[in-house]
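Everything on this sheet refers to the single structure shown next.
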Amino acid sequence: MEKTREIVLAKSAGFCPGVHQALERVRVLAERGKGPVFTLGPLVHSDVVIARLEAQGIRSVDSLEEVKGKGGVLVIRAHGITPELEAEVQAHGIPVVDATCPLVKKVHKAIARYVAQGYATVVVGDSGHAEVVGLLGYAGRGAQVVSGPEEAERLPAFDKVHVVAQTTQEEDVFLKTVAAVRRRSKTVAVSDTICKPSRDRQRETVDLAGKVDLMVVVGSRKSANTARLAAICRRLCPNTVFAESAADLDEAAVRAARRIGVTAGASAPDSLIQDVVSALRKV
Ligand code: SF4
């Protein structure tokens with residue numbers, strides 16, 4: 001019997017420009033062959049990509065201690081770091097390549113500008129996420145991280161507060177959180193720092209997830225932006241599944257679907273997305 005299943009791949013699926021740029025930087029450095037290339041933390045939440053980088057001699061380290069006396073170059077990943085850590089890295093003496101995404105740097109600058117004017121900072125994001133840790137480094141004492149409006153309701157009242165978003169934040173969550181902060185503070189400044197690539201990806205995902213009967217989100221469960229995409233999809237398409245690899249696909253669920261949407265987080269490599277799409281086509 002002829003298959004009538006349609007598979008729609010989101011145009012925005014896969015690496016965002018910031019991750020793409022960081023990967024290009026390390027590739028060029030490794031090709032130069034002037035000693036080892038270290039990254040301060042993994043460049044992406046993808047075991048496939050990390051294994052590929054390791055094969056090229058690019059190794060993720062957790063601390064500066066690990067690179068002591070080894071030569072080579074240290075790369076700061078797209079998430080960015082705190083000014084304190086930046087000073088430590090500079091003092092360490094190892095050559096540094098800063099691959100912080102320019103869109104993350106814009107958030108650093110926005111936070112620092114308001115801190116200089118005496119504003120407290122509220123970051124709407126994932127506590128402990130590398131980008132958020134970096135943002136807090138610019139935010140001064142008393143900065144707060146909230147995941148959404150519920151947590152914002154428990155914040156103290158501020159005289160002057162500046163609200164920013166983690167760059168991958170969901171627009172609706174950010175706006176509702178801003179509204180909650182406004183209800184309890186005198187002067188509120190808002191920098192909507194959700195990056196355009198994340199915004200575009202989320203909008204396309206909303207559009208697609210509402211029109212399919214199975215939604216596949218490709219990427220790592222460890223990736224915050226991928227988890228966020230999956231949450232958006234589930235609201236519009238209860239039949240949403242995570243695929244860290246093609247092996248995660250449930251054949252019965254795929255067979256039962258007429259129209260399947262595929263999206264992917266900012267750290268999912270094209271090869272993985274294509275693997276999943278071809279596995280879906282084969283069912
Ligand atoms: S998600 Fe946006 S801000 Fe973050 S690295 Fe990617 S492009 Fe840059």
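The first residue in the sequence is number 1, and the count goes up from there.
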Atom [atom1] in [X], atom [atom2] in [Y]: separation rounded to 0.5 Å?
X: L103; Y: T168; atom1: CG; atom2: OG1; value: 12.0 Å
X: L214; Y: I260; atom1: CG; atom2: CD1; value: 5.0 Å
X: I76; Y: C101; atom1: CD1; atom2: SG; value: 14.0 Å
X: I232; Y: C237; atom1: CD1; atom2: SG; value: 13.5 Å
X: L9; Y: I273; atom1: CG; atom2: CD1; value: 6.5 Å
X: R52; Y: Q56; atom1: CZ; atom2: CD; value: 8.0 Å

Return the minimal non-hydrogen interatomic distance between [X] and [Y], and the atom names on each side.
X: T240; Y: A230; value: CG2-O, 4.1 Å
X: A257; Y: D213; value: CB-OD1, 3.7 Å
X: V212; Y: G261; value: CG1-N, 3.5 Å
X: M215; Y: C233; value: CG-SG, 3.6 Å
X: Q21; Y: T100; value: NE2-O, 4.2 Å
X: A268; Y: G219; value: CB-CA, 4.2 Å

Discussion item. I111 vs V164, test: side chain to side chain contact (heavy atoms under 4.5 Å, CB included). Steps then yes/no.
Written reply: CA-CA 8 Å; I111 293 175; V164 297; 4.0 Å; yes
Do [X] and [Y] belong together in a cluster built from hydrophobic side chains that touch within less than 4.5 Å?
X: L43; Y: V73; result: yes
X: V107; Y: I81; result: no
X: L208; Y: V262; result: no
X: V19; Y: I50; result: yes
X: V37; Y: L74; result: no

Discussion item. I'd like to know whether CG of D47 has more than 12 heavy-atom contacts from other residues, nucleotides or ligands below 6.0 angstrom.
Written reply: no
Fill in: Residue K34 excluded, over 12 heavy atoms near NZ under 6.0 Å
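For K34, atom NZ is not crowded (no more than 12 foreign heavy atoms under 6.0 Å).
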Heavy-atom side-chain contact between [X] and [Y] under 4.5 Å:
X: N225; Y: S198; result: no
X: D250; Y: V241; result: no
X: K106; Y: T193; result: no
X: V97; Y: R25; result: yes
X: T226; Y: V217; result: yes
X: L85; Y: L40; result: yes
X: V26; Y: F38; result: no
X: V104; Y: H79; result: no

Donor-acceptor contacts, no H, no angles, side chain residues 174-190, under 3.5 Å, sequence neighbours left out:
unit_1	atom_1	unit_2	atom_2	d
K176	NZ	D172	OD2	3.0
T177	OG1	V173	O	2.6
R183	NH2	E153	OE2	2.7
R184	NE	L155	O	2.8
R184	NH1	E153	O	3.2
R184	NH2	E153	O	3.3
R184	NH2	L155	O	2.6
S185	OG	F158	N	3.4
S185	OG	V181	O	3.2
K186	NZ	D159	OD1	3.3

Donor-acceptor pair, distance only, cut-off 3.5 Å: does the side chain of [X] make one with the backbone of [Y]?
X: D248; Y: E244; result: yes
X: E204; Y: K11; result: yes
X: K70; Y: E66; result: yes
X: R5; Y: V283; result: yes
X: Q169; Y: D192; result: no

Worksheet item: Could R235 and E170 be called an ion pair, given the rule that one side-chain N must be under 4.0 Å from one carboxylate O?
Response: yes
Item to complete: In plain terms, say whether R258 and E6 are close enough for a salt bridge, that is, a side-chain N and a carboxylate O under 4.0 Å apart.
Response: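 Looking at R258 and E6, the cut-off is not met.
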Worksheet item: After noting the C-alpha distance and the side-chain angles of R77 and S60, does the key distance pass the side chain to side chain donor-acceptor pair (under 3.5 Å) rule?
Response: CA-CA 10 Å; R77 58 189 172 167; S60 163; over 6 Å; no
Item to complete: Please identify each residue that fulfils ring-ring contact (aromatic ring centres under 6.0 Å, His included) with H108, with sequence neighbours left out.
Response: Y138
Worksheet item: Who passes ring-ring contact (aromatic ring centres under 6.0 Å, His included) against Y114, sequence neighbours left out?
Response: Y119, H162
Report, one line per pair, each donor and acceptor closer than 3.5 Å where one atom sits in a side chain of residues 122-137; sequence neighbours left out.
unit_1	atom_1	unit_2	atom_2	d
D126	OD1	R228	NH2	3.1
D126	OD2	R228	NH2	2.9
H129	ND1	E131	N	3.0
H129	ND1	Q166	NE2	3.4
E131	OE1	T167	OG1	2.6
E131	OE2	T167	N	2.9
E131	OE2	T167	OG1	3.3

Discussion item. Running the 4.5 Å side-chain criterion over Ile, Leu, Val, Met, Phe, Trp and Tyr, what cluster does F242 land in, apart from itself?
Written reply: none
Worksheet item: Using links of under 4.5 Å between side-chain heavy atoms of ILVMFWY residues, direct or through other members, which residues join V48 in one cluster?
Response: none
Worksheet item: Does the salt bridge (Lys or Arg N to Asp or Glu O under 4.0 Å) test come out yes or no for E54 and R59, once each step is laid out?
Response: CA-CA 6 Å; E54 276 176 6; R59 192 159 75 79; over 6 Å; no
Fill in: side chain to side chain contact (heavy atoms under 4.5 Å, CB included) assessment of T39 paired with V61
CA-CA 6 Å; T39 67; V61 294; over 6 Å; no
Discussion item. Please determine whether side chain to side chain contact (heavy atoms under 4.5 Å, CB included) holds for the pair D98 and K105, giving the CA-CA distance in whole Å, both sets of side-chain angles, and the decisive distance to 0.1 Å.
Written reply: CA-CA 11 Å; D98 186 358; K105 288 207 167 187; 2.8 Å; yes
Practice prompt. Show your working on side chain to side chain contact (heavy atoms under 4.5 Å, CB included) between V161 and T121 and close with a plain yes or no.
Written response: CA-CA 6 Å; V161 64; T121 308; over 6 Å; no
Discussion item. Assess the residue pair E171 and R199 against the criterion (salt bridge (Lys or Arg N to Asp or Glu O under 4.0 Å)); give the C-alpha distance rounded to whole Å, side-chain angles, the decisive distance to 0.1 Å, and a yes or no.
Written reply: CA-CA 7 Å; E171 194 167 18; R199 209 183 286 277; 3.0 Å; yes
